[in-house]
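First the structure, in the form of structure tokens, and then the observations on it.
All of these numbers come straight from a predicted model, not from anything done at the bench.
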Amino acid sequence: MHRCKPISTSVIAATLAAVAILGGCHRDTSGPSQVQSKDFAAALRSVSGDQQIGFVGAALTKQLTVKVVDAGGLPVEGATVTFQVRAGGGNVNPPANASAADGLVRAVWTLGTTLGVNKVVAILTTNFLADSATFTATATAGPPAAIVAVSGDRQQGRVGRPLAQPLIVKVQDQFGFVKSGVKVMWAPGASSGTIAPATDTTVADGTVSATWTLGTLNTPQSMAASVTGVTNPVVFTATTLPDTGRQLIPAGGSGQVAPVGTTLPVQLKVKVTDQFGNVIVGETVKWTDSLTGGGSVTSATGTTGSDGTAQVTWTLGSRAGVQLLRAKALSNGSTGNFTATATVAFSDVKAGNFQACGVIALNNRTYCWGLNDAGQLGKGTLASTTAPTTPVASGSDSLNGPFVPFRQLTGGRSFFCGLTPGRQIYCWGNVFNSAPSDVAVVVSLPNNFANLLAAGEDHDCLISIGGVAYCAGGNEQGQLGDGTFVNRTDYLQIFPGNGLLLWSNIVSGRTHTCAMPRYDASTVATQRASRTPSCWGLNNSGQIGDGTTARKSSQTAVIMPTPGTVFDSTGLTAGGAHTCSMTPVDSGGAGWCWGGNGFGQLGNGAMDNKAHPNPVPVAMPPGVIFATVSAGEFHTCAIDNMTGDAWCWGRNNLGQLGDGTTTSSSIPVKVGGGLHFRSISLGELYTCGIVAPLGTPVGPSSQAGTVYCWGDNVFGQIGNGQASGGNAPVLVPTKVLYQP
């Protein structure tokens with residue numbers, strides 16, 4: 001049963017008439033003429049939900065609420081309210097509904113997909129009237145749903161530099177509407193550089209812009225932009241080019257060691273990169289930008305390959321020691337240096353007064369070191385050197401020659417001479433028969449070929465292949481043996497008045513000369529005579545050995561110790577003012593000396609500073625047999641035939657005896673260092689020798705040995721890279737530089 005509802009005095013006239021006819025409250029509502037409660041609805045009022053702001057396509061947070069009231073403002077139940085979208089699209093759910101007991105009707109408004117003002121009208125329609133309420137809402141872009149690239153993708157740029165175009169992305173909602181105020185975060189891929197700003201907020205058009213500075217690695221790079229809540233970031237890619245700078249880096253082959261003039265076993269390799277180490281492909285490399293020491297490469301230029309490298313083979317030049325090759329990248333001139341140490345292996349060494357020369361086994365070229373004030377090193381200059389550098393040349397180009405090969409050397413005070421394999425004579429320095437020359441010049445020997453050279457201080461003698469002896473140079477003491485005291489610029493035969501004498505060996509001291517006759521087996525007498533030396537020249541200390549101290553300008557025989565004594569033809573040697581020889585090895589290899597003995601250079605146990613015009617015996621070390629004897633200015637050395645040990649005696653003020661002291665000795669003392677020599681050569685105040693296995697041949701073209709020198713080093717004649725002066729002599733054998 002329904003109770004009767006009170007009726008306002010303001011009810012419309014039609015309603016009053018109906019009431020009058022019906023006669024008051026009619027409780028039976030089943031008939032067609034009955035008035036329902038919803039029919040008393042007089043107005044529709046907006047309660048809430050107007051003027052909201054929401055995301056497009058999304059339901060508003062507040063429901064649309066209207067209230068149906070009667071004429072007195074009291075709620076009306078059961079009145080139907082319909083919601084209609086008038087702008088913006090979207091929908092209201094439910095689209096229609098009846099008012100509740102409190103007169104309220106509620107619905108959820110889902111905005112359309114159009115930005116801006118959306119409108120919904122709530123409509124109340126009854127049999128007696130119609131009323132409406134209008135709701136508006138502002139639709140804004142929805143939550144970030146996507147991030148898209150606008151520009152800047154797939155650029156190409158130089159490593160380590162900003163790209164030309166900025167990276168731009170746009171943030172959108174699910175319907176494609178841009179979103180401002182959204183935080184975008186940038187993240188570089190591996191080795192992909194940096195970006196600025198790393199985080200930014202979208203502006204009104206939904207975009208952010210950032211500058212990408214590429215990483216330094218020449219490889220494809222990437223940069224990702226992301227937004228919180230958006231599943232898929234945007235990834236930009238870029239391809240790279242190396243930086244424009246270039247650096248040329250030696251990548252292999254430097255620091256090798258090989259004989260002069262030989263091809264290095266390992267190719268030289270350069271790598272061209274930019275400043276960040278990225279390889280440069282197709283760069284032209286000039287290998288011959290600089291070659292110090294001579295030499296050559298297989299190609300003057302090369303091109304870097306896919307790994308940025310180029311290779312070449314280097315053949316060393318003629319300079320001993322460190323050689324340099326400089327390669328250049330032609331695009332920007334950057335260079336890289338390679339070094340190699342060129343070695344010299346000597347087969348023979350000869351000492352002059354203050355300079356030494358050695359013949360290398362490889363090709364018989366000659367390297368000299370020490371004093372060079374007159375060009376006696378044969379290098380085309382007058383600069384002294386403290387180690388072997390360039391070979392003796394016959395032209396001014398000391399790196400490229402032409403170089404002269406030699407089979408034998410001999411040195412004097414300020415000159416050196418050599419005998420070529422073809423038996424031509426070349427000399428350099430203060431040459432006795434021509435103007436001084438700092439390169440090797442040919443010395444003529446008309447109608448003959450030389451077999452052996454022997455230089456004194458200022459003169460030179462030789463023996464031809466036929467055994468004829470010739471001398472040239474200074475002759476103030478009769479040392480040329482031509483019967484005069486007149487200097488000669490050409491080689492003249494010695495003892496011209498004695499017929500054609502033949503000789504097997506000849507040696508020259510400071511101002512005297514000695515020779516051994518060629519062996520004659522015809523009679524016992526001639527055999528003995530052919531093993532007795534003859535000497536001539538200055539004789540103030542008895543160095544001629546004829547029992548007098550008078551100088552001689554022609555042949556005079558040495559007075560032998562006993563009638564049965566004979567000397568080995570190869571053991572004859574002449575010093576400053578003394579001469580030595582030895583008996584044959586098979587006869588004991590004993591040493592004999594004659595001449596001056598102020599420093600004990602005769603080795604007889606005395607240091608008496610008087611003339612000894614007859615041979616005196618050397619105080620032989622127990623059990624030692626000499627294989628060879630060599631004399632210097634004031635000291636003498638010999639080699640033990642069995643062991644190769646070197647023994648020296650005489651002056652030792654600068655360590656020229658090699659025993660580690662500066663004490664002179666009148667008896668042989670062993671050279672220190674435990675070395676074994678196959679040949680030895682004495683200068684004025686120093687000594688050099690070839691260390692090699694016993695029994696190996698002596699001389700050029702033979703097996704290479706190792707040169708050691710000791711004694712005075714004021715001009716660098718020791719060859720150890722220093723010119724130590726008279727206050728710092730080298731007291732023990734020291735290896736000459738640049739040998740293997």
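- When the side-chain hydrogen bond (donor to acceptor under 3.5 Å, both in side chains) test is applied to Thr237, no partner is found at least two apart in sequence or on another chain.
- Judged as a ring pair (Phe, Tyr, Trp, His ring centres under 6.0 Å), and not counting sequence neighbours, Trp212 has no contacts.
- Looking only at side-chain heavy atoms (C-beta outward), Lys183 and Thr199 come within less than 4.5 Å of each other.
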Checking side chain to side chain donor-acceptor pair (under 3.5 Å) for the pair Ser254/Gln256: CA distance, chi angles, key distance, verdict? CA-CA 6 Å; Ser254 189; Gln256 296 182 73; over 6 Å; no

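- When side chains are defined from C-beta on, Thr288 counts as touching Val297, because their heavy atoms get closer than 4.5 Å.
- Using a 4.0 Å cut-off between a side-chain N of Lys or Arg and a carboxylate O of Asp or Glu, Arg246 and Glu283 qualify as a salt bridge.
- Pairs passing the salt bridge (Lys or Arg N to Asp or Glu O under 4.0 Å) check and including a residue from residues 149-177, sequence neighbours excluded, read Arg161-Asp243.
- With sequence neighbours left out, Asp289 forms a side-chain hydrogen bond (donor to acceptor under 3.5 Å, both in side chains) with Arg326, Lys328.
- In terms of modelled atom types and a separation under 3.5 Å, the side chain of Gln739 and the main chain of Val707 share a donor-acceptor contact.
- Between the side chain of Ser299 and the main chain of Gly302, no donor-acceptor pair closer than 3.5 Å is present.
- To the nearest 0.5 Å, atoms OG1 (Thr389) and CG (Leu399) are separated by 9.0 Å.
- Summarising the geometry of Ser318 relative to Arg365, their closest heavy-atom pair is CB-NH1, 4.4 Å, with the distance given to 0.1 Å.
- The side-chain heavy atoms of Val203 and Ser180, taken from C-beta on, include no pair separated by under 4.5 Å.
- Taking CG from Asp50 and CG from Leu60, the interatomic distance works out to 10.5 Å, rounded to the nearest 0.5 Å.
- When side chains are defined from C-beta on, Tyr708 does not count as touching Val736, because their heavy atoms never get closer than 4.5 Å.
- Asn720 is listed as a side-chain neighbour of Asn713, based on a closest heavy-atom distance under 4.5 Å.
- Asn118 contributes a side-chain N or O that, together with a main-chain N or O of Gly116, makes up a donor-acceptor pair within less than 3.5 Å.
- Considering every non-hydrogen atom in both Ala107 and Phe83, the closest pair reads CB-CE1, 3.6 Å.
- Side-chain atoms of Thr304 come within 3.5 Å of backbone atoms of Ile280 as a donor-acceptor pair (strictly under, hydrogens ignored).
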Side chain to side chain contact (heavy atoms under 4.5 Å, CB included) between Val81 and Ile123, intermediate numbers included: CA-CA 5 Å; Val81 176; Ile123 302 171; 5.9 Å; no

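- Formation of a donor-acceptor pair under 3.5 Å by the Asp274 side chain with backbone atoms of Gly245 is not found in this model.
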Let me see the working for Val120 and Trp109 under side chain to side chain contact (heavy atoms under 4.5 Å, CB included), right down to the final yes or no. CA-CA 8 Å; Val120 167; Trp109 184 8; 3.1 Å; yes

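- When the shell of 6.0 Å around NZ of Lys735 is examined, it contains more than 12 heavy atoms from other residues, nucleotides or ligands.
- In this structure, CZ in Arg319 is found 12.5 Å from CG in Leu316, a value given to the nearest 0.5 Å.
- The OG atom of Ser384 lies 10.5 Å from the NZ atom of Lys379; values are rounded to the nearest 0.5 Å.
- By the side chain to side chain contact (heavy atoms under 4.5 Å, CB included) test, Thr292 is found to be paired with Ser290, Leu324, residues two or more places apart in sequence or in another chain being considered.
- Proximity of Leu268 to Gln311: side-chain heavy atoms (C-beta onward) are nowhere separated by under 4.5 Å.
- With sequence neighbours left out, Ser222 forms a side chain to side chain contact (heavy atoms under 4.5 Å, CB included) with Ser192, Val235.
- In this structure, the separation between CZ on Phe406 and SG on Cys357 is 9.0 Å, given to the nearest 0.5 Å.
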Given side chain to side chain contact (heavy atoms under 4.5 Å, CB included), test Thr125 with Thr80 step by step and report yes or no. CA-CA 7 Å; Thr125 303; Thr80 299; over 6 Å; no

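- Within the structure, the ring pair (Phe, Tyr, Trp, His ring centres under 6.0 Å) test picks out the following pairs touching residues 369-405 (sequence neighbours left out): Phe346-Trp369.
- Applying the side-chain hydrogen bond (donor to acceptor under 3.5 Å, both in side chains) test to residues at least two apart or on different chains, the pairs with a partner in residues 261-272 are Thr263-Thr315, Gln267-Thr313.
- Using a 4.5 Å heavy-atom threshold, the side chains of Val272 and Val285 count as touching.
- Atom CG of Leu124 sits about 8.0 Å away from atom OG of Ser99, to the nearest 0.5 Å.
- Here the shortest heavy-atom pairing between Ser209 and Pro166 reads OG-CB, 3.4 Å.
- Val56 and Gly142 make their closest contact through CG2-N, 4.0 Å (heavy atoms, listed as atom of the first residue, atom of the second, distance).
- Closest non-hydrogen pair, Pro242 versus Val279, comes out as CG-O, 4.0 Å.
- A donor-acceptor pair under 3.5 Å is formed between the side chain of Thr202 and the backbone N or O of Val182.
- A donor-acceptor pair under 3.5 Å links the side-chain atoms of Gln221 to the main chain of Gly215, judged by distance alone.
- Between Leu64 and Gly49, the closest heavy-atom pair is CD2-O, 3.5 Å.
- Using a 4.5 Å heavy-atom threshold, the side chains of Pro391 and Tyr367 count as touching.
- With sequence neighbours excluded, the residues satisfying side chain to side chain contact (heavy atoms under 4.5 Å, CB included) with Gln247 are Ile249, Thr273.
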Please step through side chain to side chain contact (heavy atoms under 4.5 Å, CB included) for the pair Gln323 and Leu291, ending with a clear verdict. CA-CA 8 Å; Gln323 297 190 21; Leu291 275 170; over 6 Å; no

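- Within the structure, no pair that satisfies the ring pair (Phe, Tyr, Trp, His ring centres under 6.0 Å) test touches residues 133-177, not counting sequence neighbours.
- Formation of a donor-acceptor pair under 3.5 Å by the Trp428 side chain with backbone atoms of Gln376 is found in this model.
- If you run side-chain contact (heavy atoms from CB on, under 4.5 Å) between Lys179 and each of Asp205, Val171, Thr207, only Val171 comes through.
- When the options Thr240, Asn278, Thr239 are evaluated for a side-chain hydrogen bond (donor to acceptor under 3.5 Å, both in side chains) with Asn218, the one that passes is Thr240.
- Scored by the side chain to side chain contact (heavy atoms under 4.5 Å, CB included) test, Leu104 finds Val47, Thr65, Lys67, Asp102, Arg106 as partners (sequence neighbours excluded).
- At distances below 3.5 Å, at least one donor-acceptor pair connects side-chain atoms of Thr386 with backbone N or O atoms of Gly721.
- Gln355 is linked by a side-chain hydrogen bond (donor to acceptor under 3.5 Å, both in side chains) to nothing, counting only residues two or more places apart in sequence or in another chain.
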